[in-house]
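Chain naming here is simple, since letters A, B, ... match the order of the sequence lines and numbering starts at 1 in each.
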Amino acid sequence: MLLERTHYCAQVGTLAAGEQVIVAGWVRKRRDLGHLVFVDLYDRTGILQVVFDPERTPDLHRVGGDLGRESVITVSGTVSERPVDALNPSMATGQVELIADRLTVHSTSKVPPIHLTGGSEANEELRLKYRYLDLRRPEMFRIIDLRHRTSQLTRSFYSSEGFIEVTTPYLMRSTPEGARDFLVPSRLHKGMCYALPQSPQMLKQILMISGVDRYFQIVKCFRDEDSRADRQPEFSQIDVEMSFTRMDTLFDIHERLMQTIFKEAIGVDIPRPFQRMTWKTAMERYGSDKPDLRFGLEIRDITRLMIGSGIGFIDSTAAEGGVVRALVYPGGSILSRKQVSELEQVAKTRGAAGMIAVKVESGNELSGGAIGKMLSSDRKQEVIASLGANAGDLLCIVAGNAMIVANSLGAIRLEIARREKMMTEEFRFLWVTEFPLLEYNEEDGRFYAMHHPFTSPMDEDIDWLDKEPGRCRAKAYDLVLNGIEIGGGSVRIHRADVQTRMFDVLGINACKAEEQFGFFLEALRYGTPPHCGIAFGLDRLVMTLAGTDNLRDVIAFPKTLQAVCMMTQAPSSVTNDQLNIVGLQKKSDKNDKTDDCA
RNA sequence: GGGGACGUAGUUCAGCUUGGUUAGAACGUCGGCCUGUCACGCCGAAGGUCGCGAGUUCGAUCCUCGUCGUCCCCGCCA
């Protein structure tokens, strides 16, 4: 019969000597001194030293001496205070040990392919293949637990604010716009597919129409797009929608949610209210719609000062309606030619033609490139003054299309901060507001919704919708934390006529709209309350709480950049029979390994 | 779709610049010894398709090309 555990390893550390306990877990390490045998027993709470003493239990001692790494055992024994000279202050349970008197070996383990104790970490490919072993490491369990607590705090916070968790289907209908859908072929309707939701966007709005009033859900979302360090094909959102509420109330609720999570999960006090910044300001001053405000390094516009400089490409940039902007790299004039060229490379990957690096010399002098030669000393002085630069600094100047210049300098700004280790440990929250409603796509020759097609234009901009849609701002907002977009949402359109106008601008005519969004447009016609919502990336939030910059670290079973699960080898080929059932046929059998075991 | 980095023992890495006889180290594993260890210690041993394929060469872990895999970035994605 299974001897049942009475305590976790860590709990034993708090018990008095003489207590009888039963503990269970994995053999992390064995130290066999010939007569005495010590075993480090691990469970999710920590490590406990178990002693096998040949004088008390000769039979056990022999078995204990043979225990292999990661064998699973149950041990009963007596809690004992360690001899004074054998205390281990670096161990949570280092003042006690368990003198074993009974031992059950439930199973043994092959030699683990990754190190589970201290020191260097195995490469990620192996960690993902043997994820169950990787998750046995305390650092990984700590994150799993942190994620659990974050979810729990979220659920209880929303519940106490009158929000109701409603689950929505994963088998949805495909909608155009936005990301590529993952498709699920239908057996009952051959040739037709369900789509896994990119987010429950329309359903949560319909719940508002249903009168749910305050909805939330911790929900999986799926997007068939290329992954990144902070992007997985399937990810979790804290999804929220609320009716009859001003944007400011939504901000207030979620600032308190963040405050609660950070306080309760990691003991950090977050000041409120959070800073707010318009999208325009963010782009101009930080070159990003998700600025990291833990450091300054603001971008300044110097177009006016550079016009008529006599420098060819700068004058032509200005003539074409472009901009010239600069960033001060404090103390950057000592950079090597190579380091400067690496900075320029950063700008070039964001589409800039180049980056001009100018050194600030003493006596308001600039040296380097055409600017050092061509600019009058008055102009130089003005440039230095307007940038607040000092001798020894390096000016990074980029000219061209406003968007490209912003992105380039934004990337350089982050690179400088990384190099100079300016990213502190603090948590800087920021609401970015007044996003553009639409984005023009040159290739397709049409506008796309920047957020999604149900986002309300700002009242004062609504007339731009027909005249100059690109100028129209949206009631959309993002919550940014240390340069990471952790959430985003908007006030929604609650009038069917405005929604139709929106579709018009997007080039979705009445017929198309009816076909693709008909059910939603119809719902809007049955009494829709004004409503707004937001969704947070749970994975990214936990990532920040855990202090890692790899999304895979906070997901128990993540996928690689190629969207493969190293442990299960998903995706896999399927048999022709399986495909027939859903009415599909393979185009090529090139990678077919289905019948390897036949 | 494009750019970059990496791939050598079970693991983490060195070796490659300048091709040459037996490819090393540490940890781990296995065997022996050891009564207070906790990075236990000491003695000994086993362990390699140098990712895969082709090419150059008398000879390739090393050079070239291709290919596969992982990571990072751009595009894409909110």
Taking C76(B) as the reference, what is the distance to G66(B) when you measure between their C1' atoms (whole Å, please)? 28 Å
- Sidechain N-carboxylate O distance under 4.0 Å for R231(A), E225(A): no
Paired with E434(A), the salt bridge (Lys or Arg N to Asp or Glu O under 4.0 Å) test is passed by just one of R473(A), R276(A), R471(A), namely R473(A)
Within residues 275-292 of chain A, those residues having any heavy atom closer than 4.0 Å to RNA chain B are D289(A)
task = Classify the side chain of R82(A) and the base of U37(B) as holding, or not holding, a donor-acceptor pair under 3.5 Å.
result = yes
Q | D101(A) and T57(A): side chain donor to acceptor below 3.5 Å | A | no
Yes or no on ring-ring contact (aromatic ring centres under 6.0 Å, His included) for F52(A) and F38(A), after CA distance, side-chain angles and deciding distance? CA-CA 6 Å; F52(A) 294 92; F38(A) 299 98; 9.6 Å; no
Check the pair E70(A), R136(A) against salt bridge (Lys or Arg N to Asp or Glu O under 4.0 Å), reporting the backbone distance first and the verdict last. CA-CA 10 Å; E70(A) 301 305 314; R136(A) 256 181 226 168; 2.8 Å; yes
Open item on the list: OP1 or OP2 of U12(B) versus the side-chain N and O atoms of N123(A): is any pair under 4.0 Å?
Closed with: yes
If we take the C1' atom in both C43(B) and C34(B), what is their distance in whole Å? 11 Å
| Judged by modelled atom types alone, do N550(A) and E124(A) share a side-chain donor-acceptor pair under 3.5 Å? | yes
query = Does any N or O in the side chain of E439(A) come within less than 3.5 Å of the main-chain N or O of F447(A), such that one atom is a donor and the other an acceptor?
reply = no
Between protein and nucleic acid, restricted to nucleotides 44-48 of chain B and to nitrogen or oxygen atoms under 3.5 Å apart, what atom pairs and distances do you find?
none

Mark yes or no for whether Q339(A), through its side chain, and S336(A), through its backbone, hold a donor-acceptor pair below 3.5 Å.
yes
Just the table, please: protein N/O against nucleotides 3-5 of chain B N/O, every pair under 3.5 Å.
none

task: Check whether the side chain of D226(A) and the base of G75(B) form a donor-acceptor pair under 3.5 Å.
output: yes
Expected output: side-chain T154(A) to main-chain T150(A) donor-acceptor under 3.5 Å: yes
Enumerate all atom pairs, one protein N or O and one N or O from nucleotides 23-26 of chain B, separated by less than 3.5 Å.
none

Among C77(B), U35(B), U70(B), the one nearest any side-chain atom of T560(A) is U70(B)
Residue set satisfying salt bridge (charged side-chain N to carboxylate O under 4.0 Å, His left out) with R325(A), at least two apart, ordered chain then number -> D301(A)
Inter-nucleotide C1' distance (A26(B), G69(B)), Å rounded:
27 Å
With ring-ring contact (aromatic ring centres under 6.0 Å, His included) as the criterion, how do Y194(A) and Y170(A) come out once you've worked through the C-alpha distance, each side chain's angles and the decisive distance to 0.1 Å? CA-CA 9 Å; Y194(A) 300 95; Y170(A) 282 157; over 10 Å; no
(request) For atom CD of E81(A), decide whether the heavy atoms of other residues, nucleotides or ligands shown that lie under 6.0 angstrom number more than 12. (result) no
Legend entry - Sugar-phosphate only, base, or nothing, as touched by P83(A) at under 4.0 Å among non-hydrogen atoms: base
Per atom distances to the M450(A) side chain, the nearest of C73(B), A78(B), U11(B) is A78(B)
**Report entry** hbond_proxy R223(A) side chain to C77(B) base (donor-acceptor, 3.5 Å cutoff)
**Finding:** no
If pairing means Watson-Crick or G-U wobble with both distances under 3.5 Å, then the partner of U22(B) is none
Across every strand shown, the nucleotide meeting Watson-Crick or G-U wobble geometry with C6(B) (both distances under 3.5 Å) is G69(B)
Sorted by number, residues from residues 47-55 of chain A placing a heavy atom under 4.0 Å from RNA chain B are Q49(A), E55(A)
With sequence neighbours left out, the residues meeting side-chain contact (heavy atoms from CB on, under 4.5 Å) with E485(A) are K290(A), D478(A), R540(A)
For R31(A) and U37(B), is the shortest distance between a side-chain N/O and OP1 or OP2 below 4.0 Å? no
**Item:** Touch class at under 4.0 angstrom, heavy-atom based, for E97(A) against every strand present
**Value:** base
In whole angstroms, the gap separating P of C13(B) from CG of L126(A) amounts to 11 Å
Report task. With heavy atoms under 4.0 Å as the rule, sort L36(A) into base, sugar-phosphate or nothing. Result -> base
Review point. Between R552(A) and C72(B), does any side-chain N or O lie under 4.0 Å from OP1 or OP2?
Key: yes
Residue pairs passing the salt bridge (Lys or Arg N to Asp or Glu O under 4.0 Å) test with at least one member in residues 445-455 of chain A, sequence neighbours excluded, are E177(A)-R446(A)
Worksheet item: Counting heavy atoms not belonging to R44(A), are there more than 12 under 6.0 Å from its CZ?
Response: no
What does the list of N/O pairs under 3.5 Å between the protein and nucleotides 27-32 of chain B look like, with a distance for each?
{"unit_1": "G28(B)", "atom_1": "O3'", "unit_2": "R69(A)", "atom_2": "NE", "d": "3.2"}
{"unit_1": "U29(B)", "atom_1": "OP1", "unit_2": "R69(A)", "atom_2": "NE", "d": "2.7"}

Donor-acceptor contact below 3.5 Å, side chain D32(A) vs main chain G34(A): yes
Taking a pair to mean Watson-Crick or G-U wobble geometry with both distances below 3.5 Å, G44(B) pairs with C30(B)
inquiry  = Between R69(A) and S71(A), is there a side-chain donor-acceptor contact under 3.5 Å, judged purely by atom types and distance?
reply    = no
**Prompt:** Does a distance-only test, which skips hydrogens and angles, find a donor-acceptor pair under 3.5 Å between the side chain of R228(A) and the base of G75(B)?
**Reply:** yes
For D134(A), the salt bridge (charged side-chain N to carboxylate O under 4.0 Å, His left out) test, sequence neighbours excluded, returns R127(A), R131(A), R137(A)
Across all chains, not counting sequence neighbours, the ring-ring contact (aromatic ring centres under 6.0 Å, His included) partners of Y477(A) are F251(A)
By nearest-nucleotide position on RNA chain B, the 5'-leaning member of L33(A) and R231(A) is L33(A)
Per nearest nucleotide of RNA chain B, the residue lying toward the 5' end, R180(A) or L128(A), is L128(A)
Residues of residues 84-92 of chain A with a heavy atom under 4.0 Å from any atom of RNA chain B, listed by number, are A86(A), L87(A), N88(A), M91(A)
**Prompt:** With distance as the sole test, does E255(A) use its side chain to make a donor-acceptor pair with the main-chain N or O of F274(A) at under 3.5 Å?
**Reply:** yes
Check your understanding: Does R492(A) pair with E241(A) as a salt bridge, N-O distance under 4.0 Å?
Key -> yes
